[in-house]
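Read through the structure below, which is laid out as structure tokens, and then see the notes.
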Number of protein chains: 2
Amino acid sequence: MNKPYQILIADDHQMFIDGIKLIFSNHPEYEIVAEALSGKDVLDRFKTNKIDIAILDVNMPKPNGFETCKIIKKQYPDCKIMILTMYAEGQFLNEFIDSGASAYVLKNAGKAELLRALESIVNGQVYIGKQLKLIADVPEKDGFSKSFSLTKRELEIIALLAKEKTSAEIAEILFISTYTVNTHRKNILNKLDVKNTAGLIKYASESGIV
Amino acid sequence: MNKPYQILIADDHQMFIDGIKLIFSNHPEYEIVAEALSGKDVLDRFKTNKIDIAILDVNMPKPNGFETCKIIKKQYPDCKIMILTMYAEGQFLNEFIDSGASAYVLKNAGKAELLRALESIVNGQVYIGKQLKLIADVPEKDGFSKSFSLTKRELEIIALLAKEKTSAEIAEILFISTYTVNTHRKNILNKLDVKNTAGLIKYASESGIV
DNA sequence: ATCACAATACCTATTTATAGGTATTTTTCA
DNA sequence: TGAAAAATACCTATAAATAGGTATTGTGAT
């Protein structure tokens, strides 16, 4: 086997770092050689360790994930970087593209997706978490660029539809008019280019947002 | 109707117990007659209650799920036991078989699977969660995969619903009456214990049917 | 041969979803 | 601050789904 990839993990919560370490514990192709609790920490670790892949939390203190990423990329252009984020916020997409990172994944993505993202990275590809792709205008790599972006509200409504709620029930839960819910549903169906709720739920399920 | 099955739930997190109770709240065929927060608790409850089915968390304190299970089985061989686990860990499979339990299900399995597992149990079958079966290489004895008892026709209709077809379209494709399609849909919703097509497609998607 | 189940079909009533609009207010960002 | 995007709301009409039934025919297993 090749030498394992040397990985740095950075997050301001030690527990989260431990969780990630656990995932890697039975994956000898990756070796965690450094941990950091802040952006400044990360840069220090880079001075003493050889890092192949850095996994950075967006919401890290001092220089945040994206800022840290840019600095690293300038000094160590060969290092691949994965950005982890807590919430599916679309506005960070531009920052992500700017930062030069190779992967953008939700924290609650689960083990399988984390490993898939790493695999993409080591193969020189860019990986964007499925949930994040839904809310961002990301061109699909296979020519057909399905370009849509679901808003926060639309994602809320999808989540409730997946819980078998009717428009009227959703309206009550969100304190808005049933008319509004139906408008949102109309827009969602158009954006995702599906014909009905069945298609919508199937799409959402496959994309990992429900 | 027959007398409801008397159920005990054991988990060291009260919130989880409450969640399970909610699932049963509109299933009068099951009645929760006891709760326990530890293995020792469970054994105490057995002394005062008649229990038909015990639902035990693996990671319970004192005697854990499997140990508790063995003790119960020795004293109350007629009691059926369902073991719940947080993670899809294969190494517990042997313990499960040893323990004499009747069902082994992931905690995040969802309502439908929980109910299906219970149905299997009361029919004297052994049920192993789909995700667990995948990692455990359990031979497909007759009855395992059939436990959710969807008919061939019902599966066809689910597949077409996932392709965004309406009842009328399905009727045309299958050369049957729309009435018949709707009857099937009614039966499917009942069997899977979902409220509408959204729930149906979500379930089908999670189960790998579509 | 009979029994259970699957598949079929029909009926009615009600609820919910979809499709076509228009239009105002609020938020976000350049 | 001004434009764009998001969220809101309303209206109407039709299509579709859901829920409650009942009932007949085919089919495979004991």
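Just so it is clear: chains get the letters A, B, ... in the order the sequence lines come, proteins before strands, and each one is counted from 1.
- Distance A:E164 CD to D:dA17 C1': 14 Å, rounded to the nearest Å.
- OP1 or OP2 of D:dT18 lies within a sub-4.0 Å distance of a side-chain N or O belonging to B:T197.
- None of B:I9, B:I7, B:I55 except one satisfies the side-chain contact (heavy atoms from CB on, under 4.5 Å) rule with B:M82; the exception is B:I55.
- Within the 4.5 Å cutoff, the side chain of A:N49 has no heavy atoms near those of the A:L8 side chain.
- Rounded to whole Å, atom P of D:dA19 lies 8 Å from atom CG of B:N196.
- Within a 6.0 Å sphere centred on CD of B:E31, other residues, nucleotides and ligands contribute more than 12 heavy atoms.
- Each end of the helix from C:dA1-D:dT30 to C:dA30-D:dT1 gets its own axis from five base pairs, and the two axes differ in direction by 70°, given to 10 degrees.
- At a threshold of 4.5 Å between non-hydrogen side-chain atoms, the residues A:V33 and A:K50 do not count as touching.
- Within residues 182-190 of chain A, the residues having any heavy atom under 4.0 Å from DNA chain D are, by residue number, A:T183, A:H184.
- Heavy atoms of A:S167 sit under 4.0 angstrom from primed sugar atoms or phosphate atoms, though from no base atom.
- In summary, A:E169 and B:K195 engage in a salt bridge, as defined by a charged side-chain N under 4.0 Å from a carboxylate O.
- The side chain of B:Y179 contributes an N or O atom lying less than 4.0 Å from OP1 or OP2 of C:dC11.
- Ranking C:dA9, D:dT8, C:dA17 by closeness to the B:T180 side chain, first place goes to C:dA9.
- For the pair B:I170 CD1 and D:dA17 C1', the interatomic distance rounds to 11 Å; values are reported in whole Å.
- Following rounding to the nearest Å, B:E156 (CD) and C:dA6 (P) show an atom-to-atom distance of 14 Å.
- In this structure, A:K191 places its NZ atom 9 Å from C1' of D:dA5, rounding to the nearest Å.
- Regarding contacts with the backbone of D:dC10, a side-chain N or O of A:S177 is found under 4.0 angstrom from either OP1 or OP2.
- In this structure, the separation between CG on A:L200 and CG on A:N196 is 8.5 Å, given to the nearest 0.5 Å.
- A heavy-atom distance below 4.5 Å is not found between the side chains of B:N182 and B:K186.
- In this structure, the separation between CD1 on A:I158 and CZ on A:R185 is 10.5 Å, given to the nearest 0.5 Å.
- As a whole-Å value, the separation of A:L161 CG from D:dA17 P is 15 Å.
- Between the P atom of D:dA19 and the CG atom of B:D193 lies a distance of 11 Å, rounded to the nearest Å.
- Toward the 5′ end of DNA chain D lies the nearest nucleotide of A:I176, the other residue of the pair A:I176 and B:A168 mapping further downstream.
- Among residues at least two apart or in separate chains, there is no ring pair (Phe, Tyr, Trp, His ring centres under 6.0 Å) pair with a member in residues 153-174 of chain B.
- As a whole-Å value, the separation of B:I201 CD1 from D:dT18 P is 10 Å.
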